Engineer: 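Let me begin by handing over the structure; questions about it come next.
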Amino acid sequence: MQINFIIPSWHYFDDPFKLQPYWELYYATILREKLDSKSNISFTDLRGKSKNNENFENIINQIEENDFYLYWIMKSGDANEVYSIVKKLRQKYPKSKHIAGGTHIEMVKDECQQIFDSIIIGPGEENFHKAILEGKQVYKDDYSKIPFSNTTFPDRSFLPKESVINNQMFKQYGNYDATMVYFSRGCFYKCAYCVYNVPNTLQAKNKENIEKEILHLKNEYNVNAILLKDEIALNPNKKIFYPQMEAIGKSNIIWRGQTTSIGTKEQLKIAKETGCVELSVGIETVDNNVMKYINKTWQSDKIITEFIQNAKEVGIKIKVCLILGLPGEPKNIVEKTINFIKTNDIDYVSLSGFCPMPGSPIFNNPEKYDIETIDKDWSKHAHLLFRFSDSEFVGLPFKYKENTSWGNSFSRDQIVDNIKQVQGWLSTRSMTY
């Protein structure tokens with residue numbers, strides 16, 4: 001069997017090679033272990049080849065015939081592009097089958113059943129293999145039945161080294177060869193704007209497998225830094241946190257990751273000792289009233305401030321992740337956001353525009369959040385507006401009612417202007433990357 005895993009262009013990223021197609025590589029690695037030696041798995045990597053590029057169509061036309069084409073769609077912003085690829089390949093190779101999984105597939109499964117021959121709901125460790133051998137339309141597994149703790153790590157040799165290792169991920173800290181890793185998957189929170197709490201728990205790698213993966217990366221790729229992409233890098237479960245930190249610490253590398261504002265000072269101190277140089281914190285908003293609307297009531301400006309102060313005391317730089325355009329924003333949100341950044345002496349900021357993600361509570365119940373319309377054109381479901389360039393203008397695929405439960409709402413143009421103001425302020429201070 002000839003199997004081809006297709007990675008979309010990730011058109012919404014300024015530099016899509018800063019991140020790696022971890023889950024595609026992960027599932028391809030597991031699939032190869034399950035198939036016989038005569039089967040061949042290849043990759044088509046479309047990162048950096050924008051759909052607007054005139055050569056994009058030629059690239060798709062050059063994809064060779066395979067028995068199966070596989071896709072893992074994490075972000076809805078990739079969906080239309082993948083749909084168009086499937087359509088073109090069907091026309092060219094009508095006997096080939098197309099199999100897809102990922103968050104987008106799970107959230108709009110009825111739509112995806114019309115596009116793909118087989119779709120995977122939940123984890124794909126067992127079901128990519130089953131879909132290839134059996135060909136049923138829908139495969140579903142519960143994450144609780146698929147342990148993540150002792151699974152293999154991705155074989156990055158499916159792709160050229162320069163596609164999975166780069167020195168841009170830690171450029172603020174020096175010339176480090178780095179890649180992306182996941183030592184856990186899922187999140188136990190239920191934020192109203194988010195769908196990355198799938199599964200709605202934290203499934204963590206065990207200490208031994210973390211050590212194996214880092215050692216492999218050091219030996220095979222000379223990696224000396226890792227980006228920990230877990231939703232919550234500082235695991236609140238001490239029985240998981242301490243072994244994970246021990247595994248990272250003994251590897252003698254530096255790392256950065258993302259976490260929540262409820263990490264303790266003890267956790268921050270240990271993270272620093274294991275090589276942590278920076279933590280991204282998804283606070284999303286500096287307004288306590290907005291936090292109520294988006295179901296982040298476990299967080300407040302006081303909790304955030306304490307976390308930032310603790311991080312600074314132990315020597316970890318902080319990058320705050322913010323979203324503008326969320327429900328409930330006050331009219332002074334720009335001033336309030338900038339004042340918060342200045343007052344807390346934030347090191348870096350990752351500012352996004354709000355996007356009602358398919359499957360999120362806000363998307364599923366827009367009336368509750370006074371949203372009048374949501375555009376179902378998935379190509380508009382991006383969130384990086386003006387972060388890296390003035391031409392970056394794809395996103396905000398929704399419209400609030402004029403009069404809302406929190407008063408007069410921002411129009412789309414006003415949200416755009418708010419984002420421009422804050423992004424401009426950050427850019428002049430070199431606070432984005």
Side-chain angles (χ1 to χ4, degrees), residues 12 73-80 83 102-112 187 189-198 200 231 282-300 321-337 350-387 392-423:
Y12 37 80
I73 309 178
M74 287 280 287
K75 293 181 180 292
S76 293
D78 294 317
N80 282 8
Y83 294 172
T103 308
H104 176 79
I105 304 294
E106 191 158 341
M107 298 304 167
V108 288
K109 53 183 178 292
D110 291 342
E111 174 181 293
C112 292
C187 176
Y189 290 112
K190 296 181 180 179
C191 300
Y193 58 88
C194 187
V195 292
Y196 297 123
N197 57 346
V198 178
N200 194 206
E231 293 299 315
I283 67 172
E284 316 311 353
T285 181
V286 301
D287 186 86
N288 286 336
N289 192 48
V290 178
M291 291 179 200
K292 295 176 184 177
Y293 276 96
I294 62 175
N295 198 28
K296 268 187 177 290
T297 51
W298 46 269
Q299 175 181 268
S300 68
C321 300
L322 296 168
I323 301 173
L324 288 185
L326 289 166
E329 283 184 341
K331 291 300 179 182
N332 67 339
I333 189 62
V334 169
E335 179 185 0
K336 195 168 185 178
T337 299
S350 177
L351 177 64
S352 299
F354 171 51
C355 180
M357 297 181 182
S360 67
I362 292 178
F363 183 93
N364 291 339
N365 190 8
E367 280 287 324
K368 179 180 176 181
Y369 301 92
D370 292 307
I371 292 178
E372 188 174 287
T373 58
I374 297 176
D375 197 323
K376 303 297 175 62
D377 179 353
W378 306 132
S379 65
K380 297 178 181 178
H381 280 243
H383 61 279
L384 299 181
L385 287 83
F386 313 111
R387 188 184 296 179
E392 209 171 31
F393 186 44
V394 179
L396 305 178
F398 69 97
K399 178 184 177 182
Y400 285 116
K401 297 175 182 177
E402 185 175 348
N403 296 306
T404 69
S405 56
W406 60 86
N408 292 336
S409 64
F410 284 122
S411 69
R412 185 176 186 275
D413 287 344
Q414 288 173 321
I415 296 172
V416 168
D417 187 60
N418 290 345
I419 293 171
K420 273 187 172 181
Q421 287 185 59
V422 180
Q423 294 283 34

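This chain uses plain numbering: 1 for the first residue, then up along the sequence. Predicted model only: the values in this text are computed from it and were never measured.
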Engineer: List for me each residue that meets side chain to side chain contact (heavy atoms under 4.5 Å, CB included) alongside Asp370, sequence neighbours excluded, and say none if there are none.
Structural biologist: Lys401, Thr404, Ser405, Trp406

Engineer: For Glu231 and Cys187, work out which heavy atoms get closest and say how close.
Structural biologist: CB-CB, 4.1 Å

Engineer: Roughly how far, to the nearest 0.5 Å, is the CD1 atom of Ile415 from the OG atom of Ser409?
Structural biologist: 7.5 Å

Engineer: Can you name the residues that form a side-chain hydrogen bond (donor to acceptor under 3.5 Å, both in side chains) with Asp377, not counting sequence neighbours?
Structural biologist: Asn80, Ser379

Engineer: Which pairs count as salt bridge (charged side-chain N to carboxylate O under 4.0 Å, His left out) when at least one residue sits in residues 405-416, sequence neighbours excluded?
Structural biologist: none

Engineer: Ignoring hydrogens, what is the shortest heavy-atom contact between Pro327 and Val290? Give both atom names and the distance.
Structural biologist: O-CG1, 3.5 Å

Engineer: Do Phe410 and Lys331 come within less than 4.5 Å of each other through their side chains, counting heavy atoms only?
Structural biologist: yes

Engineer: With sequence neighbours excluded, give me every salt bridge (charged side-chain N to carboxylate O under 4.0 Å, His left out) pair touching residues 287-296.
Structural biologist: Asp287-Lys336

Engineer: Looking at every heavy atom in both Ile105 and Cys112, which two are closest together, and how far apart are they?
Structural biologist: CD1-SG, 3.5 Å

Engineer: Going by the rule ring pair (Phe, Tyr, Trp, His ring centres under 6.0 Å), which residues pair with Phe398 if we only count those two or more places apart in sequence or in a different chain?
Structural biologist: Phe354, Tyr400

Engineer: Taking only residues two or more places apart in sequence, or in another chain, which ones meet Asn365 in a side-chain hydrogen bond (donor to acceptor under 3.5 Å, both in side chains)?
Structural biologist: none

Engineer: Who passes side chain to side chain contact (heavy atoms under 4.5 Å, CB included) against Ser360, sequence neighbours left out?
Structural biologist: Val195, Met357, Ile362, Phe363

Engineer: Hey, what do you get for OG1 (Thr337) to CD (Gln421), rounding to the nearest 0.5 Å?
Structural biologist: 10.5 Å

Engineer: Check whether any side-chain heavy atom of Ser300 sits under 4.5 Å from a side-chain heavy atom of Asn288, and report yes or no.
Structural biologist: yes

Engineer: Measure the spacing between OG of Ser352 and CG of Leu384 and express it to the nearest 0.5 Å.
Structural biologist: 5.5 Å

Engineer: Please assess Asn418 against Gln414 for the test side chain to side chain donor-acceptor pair (under 3.5 Å), listing each intermediate value before the final yes or no.
Structural biologist: CA-CA 6 Å; Asn418 290 345; Gln414 288 173 321; over 6 Å; no

Engineer: For Trp298, give me all partners under ring pair (Phe, Tyr, Trp, His ring centres under 6.0 Å), at least two apart in sequence or on another chain.
Structural biologist: Tyr189

Engineer: Minimum heavy-atom separation for Leu326 and Glu284, please, with both atom names.
Structural biologist: CD1-O, 4.0 Å

Engineer: What's the spacing between Leu322 CG and Ile283 CD1 if we round to 0.5 Å?
Structural biologist: 4.5 Å

Engineer: Under the side-chain hydrogen bond (donor to acceptor under 3.5 Å, both in side chains) test, which residues partner Asp375, sequence neighbours left out?
Structural biologist: Lys380

Engineer: Report the residues that fulfil side chain to side chain contact (heavy atoms under 4.5 Å, CB included) with Thr373, sequence neighbours left out, ordered by chain and then residue number.
Structural biologist: Lys399

Engineer: Looking only at non-hydrogen atoms, find the nearest pair between Pro361 and Tyr369 and report the distance.
Structural biologist: O-CE1, 3.9 Å

Engineer: Are Gln423 and Arg387 packed together at the side-chain level, in the sense that at least one heavy-atom pair is separated by less than 4.5 angstrom?
Structural biologist: yes

Engineer: Taking only residues two or more places apart in sequence or in another chain, which ones pass side chain to side chain contact (heavy atoms under 4.5 Å, CB included) with Asn364?
Structural biologist: none

Engineer: Look up atom CD1 in Ile419 and atom CG in Leu351, then write down how far apart they are to the nearest 0.5 Å.
Structural biologist: 6.0 Å

Engineer: Quick one: CD1 on Ile73 to OG1 on Thr103, what's the gap to the nearest 0.5 Å?
Structural biologist: 10.0 Å

Engineer: If you take all heavy atoms of Asn289 and Gly328, which pair is closest and at what distance?
Structural biologist: ND2-O, 3.9 Å

Engineer: Could you tell me which residues satisfy side-chain hydrogen bond (donor to acceptor under 3.5 Å, both in side chains) with His381, sequence neighbours excluded, listed by chain and number?
Structural biologist: none

